[in-house]
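Only a predicted model underlies this, so the values are computations on that prediction, with no experimental measurement involved. Side-chain atoms are counted along with the backbone in the values below, which use heavy atoms only and exclude waters and symmetry mates. In each ligand, atom 1 is the first atom listed, and ligand 1 is the first ligand listed.
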Amino acid sequence: MRLVKLLANLGYGSRKEMQQAIRNGWATDKDGNTLKADSKTPHEDILFDDEPIDPAQGVVILMNKPLGYTCSIKDHGRLVYDLLPDRYRLRKPVLSTIGRLDKETSGALLFTDDGTFLHRVISPKSNVPKVYEVTLDRPLKGDEAALFASGEMMLESEVKPLKPAELEVLEETHARLTLHEGRYHQVRRMFAATGNHVTDLSRSRIGALGVAGLEEGGWKILTENDKALIFS
Ligand code: URA
């Protein structure tokens, strides 16, 4: 791909702006040689404004989403995209979230511009478990784990029962819930159906990939090893 198009697709600016920037010598290789618009320099060797350029298409990002941020590219209030460099919102193909977390849910959130990867993560065939840490405003009664594991639990206004989910009770009002699907507000609705109320919700893992070590609002580009953890 021509350098102008590559940089524009990565969101550094319009094609016109990138043409001008290249002419002005902003794109170099790692030895400091100025690159031309038709340069065939390998992606990993290209610098823009003295910084390595962002990864090519096929990127997967893990964010530790803070509370109060909405999983949307365009909405009112704070958006998860505000936590990434501005140009990530302009990438082509678009960088979308893999599933969503509610505004008032924190924790592991994936982004990608790779449609095949996205479908692999959300496909029922992959059966990727998602682990949630839940705080409740009332003590657990003791029968929730059996109900959630039954494969027969129905949520209001739905026609298909929930897949079996595993509940680990940690304390009277704390539990860890593992889901194998992702329905709208699923965790909150499951506990609401038992007469309880979720006061704090955080997703700690997607597959075996966790957010430990990532500060709130922090994010990282996943390596092939990190990606494999999702399916392990
Ligand atoms: N279940 C919920 O209720 N909310 C989330 O954000 C994710 C799962």
Side-chain angles (χ1 to χ4, degrees), residues 60-84 95-112 118-124 126-141 144-145 147-170 173-212 214-219 229-230:
V60 181
I61 289 174
L62 172 69
M63 178 182 283
N64 186 3
K65 176 193 174 295
L67 298 177
Y69 284 76
T70 305
C71 290
S72 165
I73 210 148
K74 233 181 182 188
D75 210 324
H76 301 295
R78 290 177 293 179
L79 309 179
V80 288
Y81 288 90
D82 298 343
L83 299 164
L84 298 169
L95 188 67
S96 37
T97 62
I98 304 184
R100 286 166 172 234
L101 289 176
D102 299 338
K103 185 175 177 189
E104 294 312 330
T105 302
S106 60
L109 178 68
L110 293 170
F111 296 75
T112 191
L118 184 148
H119 285 112
R120 194 172 156 220
V121 176
I122 62 174
S123 163
S126 302
N127 193 23
V128 172
K130 278 154 279 170
V131 182
Y132 294 88
E133 313 297 322
V134 189
T135 306
L136 299 153
D137 78 348
R138 273 166 237 160
L140 287 148
K141 288 184 266 180
E144 296 88 348
L147 174 66
F148 293 173
S150 67
E152 290 171 5
M153 185 176 184
M154 289 289 275
L155 289 178
E156 219 179 282
S157 71
E158 297 215 356
V159 290
K160 230 172 118 191
L162 296 177
K163 286 189 179 172
E166 297 90 55
L167 184 73
E168 190 187 336
V169 178
L170 304 173
T173 55
H174 285 134
R176 181 169 296 135
L177 180 63
T178 303
L179 299 184
H180 301 272
E181 59 191 334
R183 304 204 198 172
Y184 181 66
H185 289 169
Q186 186 170 343
V187 177
R188 292 176 206 276
R189 289 165 74 210
M190 285 171 78
F191 282 100
T194 71
N196 214 326
H197 176 71
V198 173
T199 54
D200 197 33
L201 183 58
S202 177
R203 182 156 69 189
S204 53
R205 281 199 287 118
I206 299 174
L209 179 73
V211 284
L214 263 188
E215 62 187 22
E216 269 197 21
W219 56 276
L229 286 175
I230 296 170

**Request:** Let me see the working for Arg176 and Ser204 under side-chain hydrogen bond (donor to acceptor under 3.5 Å, both in side chains), right down to the final yes or no.
**Result:** CA-CA 9 Å; Arg176 181 169 296 135; Ser204 53; 5.1 Å; no
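- Between the side chains of Thr199 and Thr135, not a single donor N or O lies within less than 3.5 Å of an accepting N or O.
- Here the heavy atom of the protein found nearest to atom 6 (O) of ligand 1 is Asp102 N, 2.8 Å.
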**Request:** Kindly determine whether Phe191 and Phe148 satisfy ring-ring contact (aromatic ring centres under 6.0 Å, His included), including the steps that lead there.
**Result:** CA-CA 9 Å; Phe191 282 100; Phe148 293 173; 5.2 Å; yes
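- Judged by the shortest distance from any of its heavy atoms, Tyr132 lies inside the 4.0 Å radius around the atoms of ligand 1.
- Ligand 1 has a nitrogen or oxygen under 3.5 angstrom from a nitrogen or oxygen of Val187.
- Formation of a donor-acceptor pair under 3.5 Å by the Ser123 side chain with backbone atoms of Arg120 is not found in this model.
- When heavy-atom distances to ligand 1 are checked against a 4.0 Å cut-off, Leu179 has no atom that comes that close, whether in backbone or side chain.
- Taking distance alone, with nitrogen or oxygen atoms compared against 3.5 Å, Arg189 stays at or beyond that limit from ligand 1.
- Residue-to-ligand polar distances place Thr105 within reach of ligand 1: an N/O pair is separated by less than 3.5 Å.
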**Item:** Step-by-step side chain to side chain contact (heavy atoms under 4.5 Å, CB included) determination, Ile98 to Ile122
**Value:** CA-CA 8 Å; Ile98 304 184; Ile122 62 174; 3.8 Å; yes
